[in-house]
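Just so we're on the same page: letters track the sequence lines, and every chain starts at 1.
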Amino acid sequence: MDLKQLQQRGEFEWLLPATGRMRVPGVIFASRELVAAMDEKVREQIANVAGLPGIVSAAYAMPDAHWGYGFPIGGVAAFDADDGGVVSAGGVGFDISCGVRTLHTGLKLADVERDKRRLADALFARIPAGVGSTGTIHLGAAEMNAMLKGGARWAVAAGYGSDADLAHIEEHGCVAGADPAAVSDQAKKRQRDEMGTLGSGNHYLEVQVVSEIFDAAAAAAYGLAAGDVVVSIHCGSRGLGHQIGTDYLREMVVAAPAAGISLPDRELACAPLKSSLGKRYLGAMRAGINCALANRQILTHLARGAFAAVFPGVKLPLLYDVSHNTCKEESHRVDGNKRRLFVHRKGATRAFGPGHVELPPEYAKVGQPVLIGGSMGTASWILAGSAGTEERAFGSACHGAGRAMSRHEAMRRWQGRALVDELAARGILIRSPSLRGVAEEAPLAYKDVGAVVDSSDRAGLAGKVARLTPLVCIKG
DNA sequence: ATGTGC
């Protein structure tokens with residue numbers, strides 16, 4: 001990106017002044033190097049988002065921002081319904097409520113190293129992974145609706161976990177206002193057999209060791225110490241979320257002109273929050289969020305079963321669960337006034353700072369855990385929402401590394417089998433139904449997550465707490 | 001991301 005188009009406001013903050021159709025400025029939080037490496041398309045997309053009706057304060061980009069469908073991935077934008085604000089299917093993304101959760105194991109590195117191969121095989125045998133993977137749960141129509149309304153709370157009531165899990169999930173595992181009737185039969189049909197499955201692409205279940213602590217107080221509050229083994233699960237709402245995105249994107253493109261919305265890019269298709277289409281999308285999108293929360297809850301149950309088979313008596317309590325493709329109704333202070341806003345976070349994580357009323361009491365002093373998935377074979381990170389983050393980008397931070405090259409290019413450069421062998425030689429066991437998928441997810445096909453995390457820390461979005469290094473990866 | 005792809 002051409003830095004001359006931007007005004008530097010701090011070492012890690014860049015302003016794109018409002019010109020032309022922009023109603024508000026754009027703001028990018030990243031180091032000079034990361035901004036310079038971003039595609040010009042990111043600037044164009046930030047400017048486009050800044051021109052949407054009812055946008056509040058600014059269109060934001062996180063340090064891992066890259067070109068996405070309509071909105072950039074790593075984009076944050078809030079809208080006021082009373083000011084003509086909109087909701088956008090492309091602003092949430094296709095994998096609704098894709099996210100990460102991390103579980104404690106109570107085990108240390110040496111405990112797991114002894115039985116690593118058996119653990120990898122036990123997890124791979126129990127965690128359905130890959131394109132079109134199906135599980136052992138088959139939902140009828142009534143159960144489907146109950147799941148879409150209840151999210152992880154439904155999963156816990158069905159026997160997949162405990163109330164303690166719910167206390168460590170955003171919105172206690174169930175977002176209000178989900179409307180199963182707004183979800184198409186096609187979307188439900190695609191999900192019928194996909195509960196408790198990982199999916200493909202960059203989704204994974206990983207066994208990791210805490211390799212370094214950066215913030216002792218936050219680590220203590222989160223129950224983390226160097227050498228601890230944890231499990232992280234990265235996945236979303238599978239076929240259901242994708243179908244909801246497809247259905248509503250189409251509808252929003254068609255309805256936009258009649259709603260008085262002229263779009264510089266049809267991928268920005270959106271609907272007024274107060275319109276019936278906007279309300280139906282919100283209801284369906286929230287059902288998609290609940291589906292993802294239920295899915296990660298069931299996968300947690302499966303992981304617990306695999307661990308118990310190898311390490312009898314081991315419990316896997318939930319540290320936290322975050323979503324990074326959502327639109328959430330939240331209260332935020334803007335120019336001194338509290339306002340109800342609809343915050344789109346697409347490839348961006350909620351990152352509430354210390355003292356926020358929605359945090360579990362045990363984390364309130366240090367801020368929300370922000371879980372950052374690395375690429376296969378590289379580090380993942382646990383951050384803590386920084387003080388004042390609500391005044392910066394509505395309480396948001398980065399979500400991951402972001403691709404550095406296309407899947408196609410990665411496939412040309414690497415072979416899945418060679419990558420699996422190479423990682424095994426470094427002590428990282430990969431289990432995947434697809435060697436092609438492994439090649440597409442080659443570590444070097446992604447940007448350096450460390451640089452993204454450093455920028456997030458230094459920009460005051462979310463601070464470094466712990467680095468996690470992979471031991472076993474079940475790859476979709 | 002995705003019953004990957006028009």
Side-chain angles (χ1 to χ4, degrees), chain A residues 64-75 88-101 128-135 137-139 144 183-205 233-250 266-267 269 284-285 287-289 291-293 295-296 299 322-327 344-349 373-376 399-412 416 432-442 445-446 474-476:
Chain A
D64 50 341
H66 54 286
W67 180 22
Y69 188 96
F71 282 50
I73 296 161
S88 165
V92 171
F94 282 85
D95 190 3
I96 294 168
S97 197
C98 180
V100 180
R101 64 165 52 189
V131 178
S133 49
T134 54
I137 299 164
H138 311 286
L139 295 184
M144 174 67 69
V183 178
S184 69
D185 289 343
Q186 180 66 6
K188 291 173 181 170
K189 187 178 160 197
R190 285 180 65 172
Q191 197 59 30
R192 216 163 39 189
D193 305 317
E194 288 195 344
M195 295 310 295
T197 66
L198 210 46
S200 63
N202 66 353
H203 289 170
Y204 59 78
L205 181 149
I233 299 171
H234 178 204
C235 68
S237 52
R238 306 286 286 109
L240 181 125
H242 192 268
Q243 190 64 45
I244 291 170
T246 305
D247 291 340
Y248 279 94
L249 202 83
R250 190 180 300 142
R266 59 178 270 137
E267 293 185 359
M285 187 267 309
I289 291 178
C291 175
L293 297 177
N295 192 33
R296 290 198 285 275
L299 285 162
V322 298
S323 295
H324 49 227
N325 280 351
T326 58
C327 175
H344 294 65
R345 295 189 184 88
K346 179 186 186 183
T349 309
S375 54
M376 183 180 62
H399 86 304
R403 290 198 79 89
M405 71 178 69
S406 69
R407 295 184 175 281
H408 191 80
E409 176 66 15
M411 268 225 298
R412 281 199 344 196
S432 174
S434 163
L435 285 173
R436 173 184 167 169
V438 170
E440 289 179 352
E441 295 296 317
Y446 281 82
I474 309 303
K475 191 81 194 159

(request) Write down the distance between CG (A/L435) and C1' (B/dT4), rounded to a whole number of angstrom. (result) 17 Å
(request) Looking at every strand, decide which applies to A/G201 at a 4.0 Å heavy-atom threshold: base, sugar-phosphate, or nothing. (result) sugar-phosphate
(request) Could you tell me the separation between the NE2 atom of A/H408 and the P atom of B/dT4, rounded to a whole number of Å? (result) 18 Å
(request) Could you state the atom-to-atom distance from CZ of A/R407 to C1' of B/dG5 in whole Å? (result) 13 Å
(message) Rounded to whole Å, how long is the line connecting atom NE2 of A/H242 with atom P of B/dG5?
(response) 7 Å
(request) Report the distance from atom CG of A/D193 to atom C1' of B/dT2, rounded to the nearest whole Å. (result) 16 Å
(request) With sequence neighbours excluded, tell me which residues meet salt bridge (charged side-chain N to carboxylate O under 4.0 Å, His left out) with A/E194. (result) A/R238
(message) Without decimals, in angstroms, what is the distance between A/R238 CZ and B/dT2 C1'?
(response) 8 Å
(request) For the residue pair A/S323 and A/R296, confirm or rule out a side-chain donor-acceptor distance under 3.5 Å. (result) yes
(message) Under the rule for ring-ring contact (aromatic ring centres under 6.0 Å, His included), what residues qualify as partners of A/H324, not counting sequence neighbours?
(response) A/H234, A/H399
(request) Answer with base, sugar-phosphate or nothing: what part of the nucleic acid does A/R192 contact at a heavy-atom distance below 4.0 Å? (result) nothing
(message) So, does A/S200 get its side chain near the phosphate of B/dT2, meaning an N or O under 4.0 Å from OP1 or OP2?
(response) yes
(request) Let me know the distance between CD of A/E194 and C1' of B/dT4, rounded to the nearest Å. (result) 13 Å
(request) Please figure out whether A/E441 or A/V131 has its closest DNA chain B nucleotide nearer the 5' end. (result) A/E441
(message) Can you measure A/I96 atom CD1 to B/dT2 atom C1' for me and round it to whole angstrom units?
(response) 12 Å
(request) Spell out, as yes or no, whether a donor-acceptor pair under 3.5 Å connects the side chain of A/S237 to the backbone of A/L240. (result) no
